[in-house]
Amino acid sequence: MPSVKVSENIYWVGAVDWNARNFHGFTYSTHRGTTYNAYLIIDEKIALIDTVRSPFAQEMIERIKEIIDPSKIDYVVANHVEADHSGAIGQVLELAQKAKVIGTAKCEKELQKHYFGDWDFQVVKTGDKINLGVKTLEFIEAPMLHWPDSMFTYVESDSLLMPNDAFGQHLASSKRFDNEVDQNILMEEAAKYYANILWLFSPLVIRKIEEILKLGLEIKAIAPSHGVIWRGNPIKIVEAYLKWAKGEAGNRILVVYDTMWGSTEKMALSMIEGVRSEGVETMLFRLPISDRGDIIKELLNAKGILIGSSTINNGVLAPMAAFLEELQGLRPVNKVAAAFGSYGWGGGAVKTIEEKLQKANIKITAPAITVNWVPDKSELQKCFEFGREFAKKVVETT
Ligand code: FEO
């Protein structure tokens, strides 16, 4: 795949990782692969914005060579230190010996701690600009979107924002632009990315978008570091981010559970019937056969979640423990929940679930429902009612 023109004298020179199936260790499944986007700007001075994961360094360098001799690069902008974007910086700087590395103060420290390089580094902060000739790079610090070092780079002449991780998607494609790919797949991957990577930082997402609006920057295209470039309709992803960050979601309820001998599963199945009887959409996921990253994505567009587990060793089953840990870390905005589960001689699962929900800042709308051993007909009816009452509360929640 050759380099791709993004705008006048701006080229995508990144890499498509078709075979990526997980990210951040194994915490995030990337069923559709990913891309590591790097952008080359040709002007009197030449700038490379970000690099790629190290195994793709040579691929990126070959794409740069189609356009210029890499030794001519004057600036390597490191919007973000994480290895999927800085992994090839060492190889680039070996070729571009006169290049200055540009990044935030935190980026300088973190890059040093990753690669121990003796590089010429220029620290920039919000509002700082570097003139390349016709084009000017403007920098906007964006701490925690996705690491403390993160920043956005803006090219005024092209109304192009390069926000690194923000607005990205783990989506491998032979296409480079939003209007060339299936819109449902695109938004699904963008939502999964937001939920699994940025959800915890939602207040910062809102503030950063407001800050950019206040700066009055015209934005005709958003070129993130993963997935396709938003050029056909960049406002679509900005609006989606605002909606997700504010916790706006539909009347939808997820039922997420794990079960040892089937009793908690029977409870879950009765509950979804109760939810359905109120006309509320519901989705059922059993751990661990369901993908955790996919469940987190589905939760982004659901107001409520019912969480159930059998009791083991006075707590929850191990796959549920992992799910609750993830939920606590992400602290999803504006969700309501309730717990359920079966037990034998001693309970404990629902207590663990409720403790974790509180730590995740998720509002519990009803006391947990439990069943000793196997649920009988009347207990299953209670589970049905539990689901129905929960659905009513979700509909009332704004
Ligand atoms: Fe795509 Fe935070 O790295």
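Only heavy atoms go into these numbers, but all of them, side chains included; no hydrogens, no water, no symmetry mates. Note that ligands are numbered from 1 as they come in the structure, with each ligand's atoms numbered from 1 the same way.
Side-chain atoms of Asp165 and His85 form a donor-acceptor pair, as typed in the model, at a separation below 3.5 Å. Side-chain contact of His24 with Asn196: a donor-acceptor pair under 3.5 Å is absent, judged by distance alone. For the residue pair Asp291/Ser29, the side-chain donor-acceptor check at 3.5 Å is satisfied.
Within the protein, the N, O or S atoms lying under 2.8 Å from atom 2 (Fe) of ligand 1 are His80 NE2, Glu82 OE1, His146 ND1, Asp165 OD2.
Aromatic ring centroids of Phe56 and Tyr36 lie under 6.0 Å apart.
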Go through it in stages, so that I can follow the logic: the residues are Tyr115 and Ile89, the test is side-chain contact (heavy atoms from CB on, under 4.5 Å), and I'd like the CA-CA distance, side-chain angles, deciding distance and then a yes or no. CA-CA 9 Å; Tyr115 303 106; Ile89 197 166; 4.2 Å; yes

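Annotation: side-chain hydrogen bond (donor to acceptor under 3.5 Å, both in side chains) contacts of Gln328 (sequence neighbours excluded): Lys356.
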